[in-house]
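Here the structure is laid out as structure tokens; the discussion comes afterwards.
Naming: A, B, ... by sequence-line order, numbering from 1 per chain. Atom set for the values below is all heavy atoms of this structure, side chains included, hydrogens, waters and symmetry mates excluded. All figures in this text were calculated on a predicted structure; none of them were measured in a lab.
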Number of protein chains: 2
Amino acid sequence: MRPIKPIKPVKLDAKERILDVAEELFANASFASVSVRAVTAQADVNLSAVNYYFGSKQGLFHAVYVRRATLMNHERLHLLHMASEMAKASGEDVSLRDLINAILTPPIFWLYDEKQGYSVYIRFLARSYLEDANNLKDVLSQEVDVFDRFVPYFKKIKPNLTKEDIYWRIHFVMGVMHHTINHLHRIGLLSHNVCNGGDREEARDRMVDFCCNGF
Amino acid sequence: MRPIKPIKPVKLDAKERILDVAEELFANASFASVSVRAVTAQADVNLSAVNYYFGSKQGLFHAVYVRRATLMNHERLHLLHMASEMAKASGEDVSLRDLINAILTPPIFWLYDEKQGYSVYIRFLARSYLEDANNLKDVLSQEVDVFDRFVPYFKKIKPNLTKEDIYWRIHFVMGVMHHTINHLHRIGLLSHNVCNGGDREEARDRMVDFCCNGF
DNA sequence: TGGCGTTTGAAACATACGTTTTAAACGCTA
DNA sequence: TAGCGTTTAAAACGTATGTTTCAAACGCCA
């Protein structure tokens, strides 16, 4: 039933298409409930392609993760760096708001980014936190490294807090973020459609406000 | 180390044992990755029992939920009621801390309750938030009803907040809670074992502090 | 004790899954 | 064009799954 076949097929790489589809499906359902067949069918690719390119279903999952993992944490560190430079120039400390901003802005802005598929990735990432920890050891360790870079700044602003306090509060900030990401659509139900969560600046600012005060 | 064994074999109902095991397995892994066979084997029950008692695997999942669902929300409303009575007696408003407390204390205390299996249920509940929304329509609506009872109290304490503000902040409080429940073990990794998250009062108080300030 | 509704036991069924296999088709370089 | 490594195609394999079946065992009440 195909129409006239074009000379050059305007298709992305099969590998890339598989990653896109897998990202989307894994973002919306658990690892076990997403079948390789569903991925390959939706990516318009042969069933064996997944095992060919990625070795296994697990390999595919991991590949989806690593494709964009470091980029987001680099964005965080970049925001931290910029805030640090600005503060240095004006002779002040980095503000608490800057720190929270640097942690929350990349994921929440990605969440609303429809074009490049980052939105899907963020939901994928948030969901994958609940999968078996084996798949995600390197996910964790990378994020831990990033937050370690933030701790001294928190400590400088709030010298009376212990490291324990700071870790707990970073943990809560992550909680606000993950829950917002996973259940953003639910704010409508909770509020009887008073809130809609459609504006990324609003969501970001509300989260940042809440977390700054919480800290 | 049980004392003398009574004459009647002290086995729980098969039905109850299935629910206990399913609760535990569903708390630790996704719906699709938990097999009926794993449940029945661990519950020391025949394979067909699940379909006999609950009709289907989905039915079992739903039964696990409904077994303790209303109780927790009743505890929340009870705490709200008590705080309201105390406040009335002293002629004051219910404090913000009382409200946050009433929302967070039941789940977080259940989380640390080893004896009655409530701990497992709380993790089951938090995880089930990420499963397909179809299974959980009544979960949501019940929780929404409970929080609606809280809104007027928030409004009275913070009259300058809009309803929208309040719903967003309740949403964030839930985020802190769910993330803490799902990733409590992770606070150790994040903090390089500075924090351990072993004390329910500490966890509760830290969450309440954070959320009170955030509000 | 006898009878009957309820519960359990063991096996089988049909299906969906991840993975493997084998050969054909493709794309590039010599 | 010939040759060869890479990619795709289609089918099959073995296994695990949810569910059904049907007879045996049980528990209770007359």
Under the rule for salt bridge (charged side-chain N to carboxylate O under 4.0 Å, His left out), what residues qualify as partners of D209(A), not counting sequence neighbours? R97(A)
With E75(B), which residues qualify under salt bridge (charged side-chain N to carboxylate O under 4.0 Å, His left out), at least two apart?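 Per chain and number, E75(B) pairs via salt bridge (charged side-chain N to carboxylate O under 4.0 Å, His left out) with no residue.
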Summary of protein contacts for nucleotides 5-10 of chain C, nucleotide by nucleotide, where a base hit scores B, a sugar-phosphate-only hit scores S (4.0 Å, heavy atoms): -SBBBB
Take the protein atom [atom1] of [X] and the nucleotide atom [atom2] of [N], then report the distance between them rounded to whole Å.
X	N	atom1	atom2	result
F31(A)	dG18(C)	CZ	C1'	10 Å
R37(A)	dA9(D)	CZ	P	16 Å
I18(B)	dG18(D)	CD1	P	14 Å
K57(A)	dA16(D)	NZ	C1'	13 Å
F61(B)	dG18(D)	CZ	C1'	16 Å
N51(B)	dT19(D)	CG	P	5 Å

So what does V34(A) hit on the nucleic acid, given a heavy-atom distance under 4.0 Å: a base, only sugar-phosphate, or nothing?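 Sugar-phosphate only.
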With a 4.0 Å cutoff (strictly under), does any side-chain N or O of S35(A) reach OP1 or OP2 of dA16(C)? no
Candidate pair E23(A) and R68(A), rule salt bridge (Lys or Arg N to Asp or Glu O under 4.0 Å), full reasoning: CA-CA 11 Å; E23(A) 194 172 58; R68(A) 309 193 212 262; 2.8 Å; yes
Between V39(B) and I18(B), does the side-chain contact (heavy atoms from CB on, under 4.5 Å) criterion hold? Intermediate values first, please. CA-CA 7 Å; V39(B) 173; I18(B) 294 174; 4.0 Å; yes
Stepwise side-chain contact (heavy atoms from CB on, under 4.5 Å) check, E24(A) with Q42(A): CA-CA 10 Å; E24(A) 184 186 332; Q42(A) 188 165 328; 3.9 Å; yes
Under 4.0 Å between a side-chain nitrogen and a carboxylate oxygen: does that hold for R67(B) and E16(B)? yes
